[in-house]
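As the structure lists them, so they are numbered: ligands from 1, and atoms in each ligand from 1.
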Amino acid sequence: MIRLVRGFHDILPDETPKWAFILETARRTLELFGYREIVPPIMERTELFQRGIGELTDIVEKEMYTFEDRGGDSLSLRPEATAGILRSVAEHSLLHRDSVLKLYCVGPMFRRERPSKGRFRQFFQIDAEVLGDVSPLADAETIAAAHAIMSNLGATGLMMEINSVGCNVCRGEYRGLLRAFFEKYLDELCPDCQRRYHGNPLRILDCKVERCSEIARSAPVITDHLDRPCLEHFQAVQEALTLLGIPYRIVPQMVRGLDYYTRTAFEIVHEELGRSKAVGGGGRYDYLLKELGGPDASGIGFAIGLERLAMGLPDEDPRFTRSTDVYVAALGESARNEGFRIVNTIRSAGISAETRYSGSSLKAQMKVADKLGARFVVMIGDDELSRQEVTVRNMSTKEQVRIGMDRVVSFLQSLS
Ligand code: HAM
């Protein structure tokens, strides 16, 4: 047997109703907030992610599925959606038509991480981006949209963790402070962090190696070193969140794993998965669009991981339980054609109906009807056939009635 690629997963038919419910709820919520869907491809030029996400991030350094195509171009499966969406906005000049753009996309992302509970190599994200709005209210609204998706799904045990990672001005100074701090520990840091020390010491704060994160815990935090405009922005975001009644907690150590963030950064954590595996994350990026060749416009967005989200919801829920309305049990050769015709007529009327063509006994067929969760069974045997009738059984009350074949649809409609 040829098996799945490690870290990839199937979404099986028993799970798809829950996924459909999540996607429908997320889409409806984002559209309420004014977002419109965009569908970028799952593969882009490698350079887009190197430039967008940052050369020294774990994602770009270690986790991308990168290959050379037959024409010699270096391509990568997208590890996230933001860079691709912004590439599309720049390429199609979408911000020329609207001064503020709100876009969302849904689809698979690929990162070659070590697989574990809630961590896959292919995973789905719902990703939302607002472009062209510098106001801290846009930050709060974005966090509110992420929160609304979760609460409309009925998720509980959630916390919005927020931080400010400053801008190019205050971060420059902060980098100097970090270097001074980590200098004493340089020999103890992992080889990656020794490189990061020179290239971008902020990345050390995000290192998963135990000794590095232990050292990083006592490093200076950026929130103590924000410049005035960044500090005011951060305070305004907090006030706006309070105004909206969104629960949040400030986590000054949070830097996020992608380099493009400026000012607001946030994560949605769930009690079951813990802090190391956020359900969602996002933040503001004021230089990224220009960096990718677009206009000088700021942006803010987030992505929620659908696998992690699904893990926080129950498997059984009437909101995403699917069942068949009617099972048609035809008994005997001659009834089979009539059953075949009736099941189709019922479906044409918008009522879901199933049957089996294997010609098994009534008992076996009732078992199938039960398994499908059918509310009614329409039975046709030789006797019914000779009278041009059917027997309709209500599966919960066990009541049975005989009706004319030509009345099946109107009878079923009267019951639902
Ligand atoms: P991220 O924090 O890298 O942000 O990913 C967002 C979410 O995707 C995570 O919180 C998690 O739920 C899910 N996720 C990430 N990696 C995995 C994995 N290996 N397995 C399962 N789920 C995973 C971004 O991707 C940014 N592009 C978000 C953003 C949008 N920032 C601004 N706009």
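- Selection from Arg256, His270, Glu80 by nearest heavy atom to atom 4 (O) of ligand 1 gives Arg256.
- Using a 4.0 Å cut-off between charged side-chain N and carboxylate O, Glu31 and Arg28 make no salt bridge.
- Counted by atom type alone, Glu129 and Thr82 present one or more donor-acceptor pairs between their side chains at under 3.5 Å.
- Using a 4.0 Å cut-off to heavy atoms of Glu113, the atoms of ligand 1 that qualify are 16 (N), 17 (C), 18 (C), 19 (N).
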Under the side-chain contact (heavy atoms from CB on, under 4.5 Å) criterion, do Asp192 and Leu56 qualify, and how do the steps go?
-> CA-CA 9 Å; Asp192 283 341; Leu56 289 181; over 6 Å; no
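- Salt bridge status for Glu183 with Arg179: absent, with no side-chain N to carboxylate O gap under 4.0 Å.
- Contacts between Leu309 and ligand 1, counted as non-hydrogen atom pairs separated by less than 4.0 Å, are absent for every part of the residue.
- Ligand 1 places these atoms under 4.0 Å from at least one heavy atom of Gln125: 5 (O), 6 (C), 7 (C), 8 (O), 24 (C), 25 (O).
- A salt bridge does not link Arg203 to Asp58: none of the charged side-chain nitrogens sits closer than 4.0 Å to a carboxylate oxygen.
- Considering backbone and side-chain N/O atoms, Ala128 never comes within less than 3.5 Å of an N/O atom of ligand 1.
- Side-chain N/O atoms of Tyr327 and Gln365 include a donor and acceptor closer than 3.5 Å.
- For the residue pair Thr29 / Asn152, a side-chain donor-acceptor distance below 3.5 Å is found, with atom types taken as modelled.
- Within the 4.0 Å heavy-atom criterion, the part of Val279 lying near ligand 1 is the backbone and not the side chain.
- Using a distance-only test at 3.5 Å, with no hydrogens or angles considered, a donor-acceptor pair links the side chain of His270 to the main chain of Thr156.
- Taking every non-hydrogen atom of Gly118 and a distance limit under 4.0 Å, the qualifying atoms of ligand 1 come out as 20 (N), 21 (C), 22 (N).
- Atoms of ligand 1 lying under 4.0 Å from at least one heavy atom of Gly280, given by number and element, are 10 (O).
- The protein non-hydrogen atom at the shortest distance from atom 13 (C) of ligand 1 is Gly305 CA, 3.7 Å.
- With a 4.0 Å heavy-atom cut-off, ligand 1 is reached by no atom of Glu307.
- Arg114 approaches Arg119 most closely through the heavy-atom pair O-CD, 3.3 Å.
- The residues Arg121 and Glu113 are annotated as not salt-bridged, no charged nitrogen and carboxylate oxygen being separated by less than 4.0 angstrom.
- In terms of polar-atom proximity, defined here as any N/O pair under 3.5 Å, Ala303 makes no such contact with ligand 1.
- In this structure, atom 14 (N) of ligand 1 lies nearest to the protein heavy atom Phe123 CE1, 3.4 Å.
- Polar contact check, Phe120 against ligand 1: a nitrogen or oxygen pair lies under 3.5 Å apart.
- Here the side chain of Lys102 pairs a donor or acceptor atom with the backbone of Phe33 at under 3.5 angstrom.
- Under 4.0 Å from ligand 1, the heavy atoms of Tyr261 that appear belong solely to its side chain.
- Protein heavy atom closest to atom 9 (C) of ligand 1, with residue, atom name and distance, is Ala278 O, 3.7 Å.
- Counted within 6.0 Å of NZ on Lys208, heavy atoms from surrounding residues, nucleotides or ligands total more than 12; the atom is thus considered enclosed.
- Of the candidates Arg119, Arg121, Arg111, Glu129, it is Glu129 that places a heavy atom closest to atom 33 (N) of ligand 1.
- Those atoms of ligand 1 that come under 4.0 Å of a heavy atom in Gly281, given as number and element, are 10 (O), 28 (C), 29 (C).
- Where the criterion is an N or O separation shorter than 3.5 Å, residue side chain and backbone included, Ile304 fails it with respect to ligand 1.
- Ligand 1 does not have Gly257 within reach: every non-hydrogen atom of the residue lies 4.0 Å or more from it.
- Of all the listed residues (Tyr285, Tyr260, Phe124), Tyr260 holds the heavy atom that lies closest to atom 26 (C) of ligand 1.
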